[in-house]
Amino acid sequence: MKITKFLLGVIAFFAFFLPQVSCALEKNDKILIAYFSQTNNTERLAEDLIKGLTDYDVTLTEIVSVDPYSENMEKMSPRVKSEQENNTLIPIALSNYVSDLNDFDAVLIGTPIWFNHAPAPIKSFLNAYPVKTEQKLCIFITSGTSEPDVVLSDIEKYSTHKVDAYMQYRPSHESGMVRGEKYSKFINDINAL
């Protein structure tokens with residue numbers, strides 16, 4: 001009985017006097033926003049997010065396919081379908097050089113939904129730039145009508161990291177007010193991580 005009381009006392013002492021470790025984002029933490037955008041919807045959302053993350057040191061980079069996709073959806077579709085069916089990883093480039101993700105406290109990935117999945121450039125980025133367990137992973141998705149479930153699953157599969165927060169925006173279906181509400185909630189979710 002005396003040993004139990006002693007051990008409980010030691011545990012209580014250390015719990016009270018040891019500094020608390022916070023895994024929440026703090027002012028001036030480093031955030032990477034990496035996005036892929038074929039129609040500029042995801043790019044515009046990425047640029048808007050910077051405006052809401054002024055307390056952080058934000059780096060923005062576009063994920064670009066080395067072999068560009070056709071602007072014509074009919075010509076692009078067979079390639080995209082093949083990449084999805086075969087889980088193809090493709091050569092990518094970044095508009096703003098990032099050697100790895102080690103310097104970042106959080107990583108925000110912007111992606112459209114193509115045939116219910118994350119496009120090959122997103123999967124390739126996550127394969128080339130692993131997100132570490134201690135980093136926060138947030139996703140912002142643009143799409144017409146697709147639901148985010150499969151894309152979120154793709155992200156978690158290729159990053160081997162759970163998604164901490166996400167936002168979906170449907171540019172052709174939502175007014176600026178709805179986008180503003182979702183945007184504000186997403187920024188609040190990031191700040192709360």
Side-chain angles (χ1 to χ4, degrees), residues 18-38 41-66 83 87-114 116-143 147-169 179 182-193:
L18 287 178
Q20 297 298 312
V21 177
S22 171
C23 55
L25 289 178
E26 297 177 1
K27 189 173 186 166
N28 297 321
D29 276 355
K30 295 181 82 171
I31 295 177
L32 174 68
I33 298 177
Y35 69 91
F36 172 73
S37 186
Q38 180 71 13
N41 289 320
T42 311
E43 177 179 31
R44 283 192 295 273
L45 193 52
E47 291 168 349
D48 285 349
L49 285 171
I50 292 173
K51 297 172 190 167
L53 297 170
T54 56
D55 286 344
Y56 306 104
D57 179 3
V58 179
T59 300
L60 179 69
T61 189
E62 182 179 9
I63 303 165
V64 181
S65 172
V66 172
E83 289 172 350
N87 291 317
T88 304
L89 297 178
I90 63 171
I92 59 169
L94 302 178
S95 64
N96 190 2
Y97 178 74
V98 175
S99 61
D100 59 45
L101 301 183
N102 291 334
D103 293 337
F104 298 98
D105 301 292
V107 179
L108 278 62
I109 304 291
T111 181
I113 297 178
W114 283 3
N116 295 319
H117 288 273
I122 293 293
K123 296 173 185 176
S124 300
F125 174 83
L126 292 167
N127 185 64
Y129 295 89
V131 179
K132 296 185 295 185
T133 305
E134 63 272 15
Q135 293 171 311
K136 305 298 180 191
L137 177 62
C138 304
I139 310 301
F140 55 101
I141 302 166
T142 56
S143 71
E147 293 301 320
D149 301 353
V150 175
V151 169
L152 294 171
S153 177
D154 287 344
I155 299 290
E156 290 181 347
K157 174 183 174 184
Y158 283 88
S159 70
T160 64
H161 192 294
K162 74 175 188 60
V163 173
D164 294 300
Y166 82 92
M167 176 184 93
Q168 181 178 14
Y169 174 59
R179 176 175 180 231
K182 287 184 175 187
Y183 169 85
S184 296
K185 183 185 178 314
F186 188 56
I187 294 294
N188 289 338
D189 289 348
I190 293 167
N191 287 327
L193 293 176

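Just so it is clear, the model here is predicted, and its values are computed rather than measured.
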To the closest 0.5 Å, what do you measure between [atom1] ([X]) and [atom2] ([Y])?
X: E83; Y: L89; atom1: CD; atom2: CG; value: 9.5 Å
X: R44; Y: T142; atom1: CZ; atom2: OG1; value: 9.5 Å
X: L152; Y: L137; atom1: CG; atom2: CG; value: 9.5 Å
X: T61; Y: I33; atom1: OG1; atom2: CD1; value: 11.0 Å
X: T54; Y: K27; atom1: OG1; atom2: NZ; value: 8.0 Å
X: T42; Y: Y35; atom1: OG1; atom2: OH; value: 9.5 Å

Side chain to side chain contact (heavy atoms under 4.5 Å, CB included) evaluation trace for Y166 with F140:
CA-CA 5 Å; Y166 82 92; F140 55 101; over 6 Å; no

Considering all heavy atoms of both residues, which atom of [X] and which atom of [Y] are nearest to each other, and what is their separation?
X: I113; Y: S143; answer: CD1-CB, 3.7 Å
X: G52; Y: I187; answer: O-CG2, 3.5 Å
X: Y129; Y: D100; answer: CD2-CA, 3.9 Å
X: V98; Y: L32; answer: CG2-CD1, 4.0 Å
X: L126; Y: S159; answer: CD2-CB, 3.8 Å
X: I141; Y: P148; answer: CD1-CB, 3.7 Å

Using modelled atom types only, decide if a donor and an acceptor are shared between the side chain of [X] and the backbone of [Y] within a distance under 3.5 Å.
X: E156; Y: S153; result: no
X: N127; Y: K123; result: no
X: H117; Y: V150; result: no
X: Q135; Y: F104; result: yes

Under a 4.5 Å cut-off applied to non-hydrogen side-chain atoms, are [X] and [Y] in contact?
X: F36; Y: W114; answer: yes
X: D105; Y: L25; answer: yes
X: F125; Y: I109; answer: yes
X: P91; Y: S65; answer: no
X: I155; Y: I122; answer: yes
X: I92; Y: V64; answer: no
X: M167; Y: L45; answer: yes
X: P112; Y: N41; answer: no

Let's go through L60 and E47 carefully: what are the C-alpha distance in whole Å and the side-chain angles of both, what is the deciding distance for side chain to side chain contact (heavy atoms under 4.5 Å, CB included) to 0.1 Å, and is it a yes or a no?
CA-CA 8 Å; L60 179 69; E47 291 168 349; 4.2 Å; yes

Please enumerate all residues that pass side chain to side chain donor-acceptor pair (under 3.5 Å) together with D189, with sequence neighbours excluded.
K185

Would you call K157-D154 a salt bridge at under 4.0 Å N-O?
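D154 and K157: not salt-bridged.
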
If you apply the rule side chain to side chain contact (heavy atoms under 4.5 Å, CB included), what do you find for T59 with N96, and how did you get there?
CA-CA 8 Å; T59 300; N96 190 2; 3.5 Å; yes

Does the side chain of E62 pick up a donor-acceptor pair with the side chain of S37 at under 3.5 Å?
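No donor-acceptor contact under 3.5 Å links the two side chains.
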
With a 3.5 Å cut-off and no angle check, do the side chains of N191 and Y56 form a donor-acceptor pair?
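Judged by distance alone, the side chains do pair up.
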
Please determine whether salt bridge (Lys or Arg N to Asp or Glu O under 4.0 Å) holds for the pair K162 and D164, giving the CA-CA distance in whole Å, both sets of side-chain angles, and the decisive distance to 0.1 Å.
CA-CA 6 Å; K162 74 175 188 60; D164 294 300; 2.7 Å; yes

Yes or no on side chain to side chain contact (heavy atoms under 4.5 Å, CB included) for T111 and V151, after CA distance, side-chain angles and deciding distance?
CA-CA 9 Å; T111 181; V151 169; 3.9 Å; yes

Which of I50, L53, I139 passes side-chain contact (heavy atoms from CB on, under 4.5 Å) with L108? Answer is L53

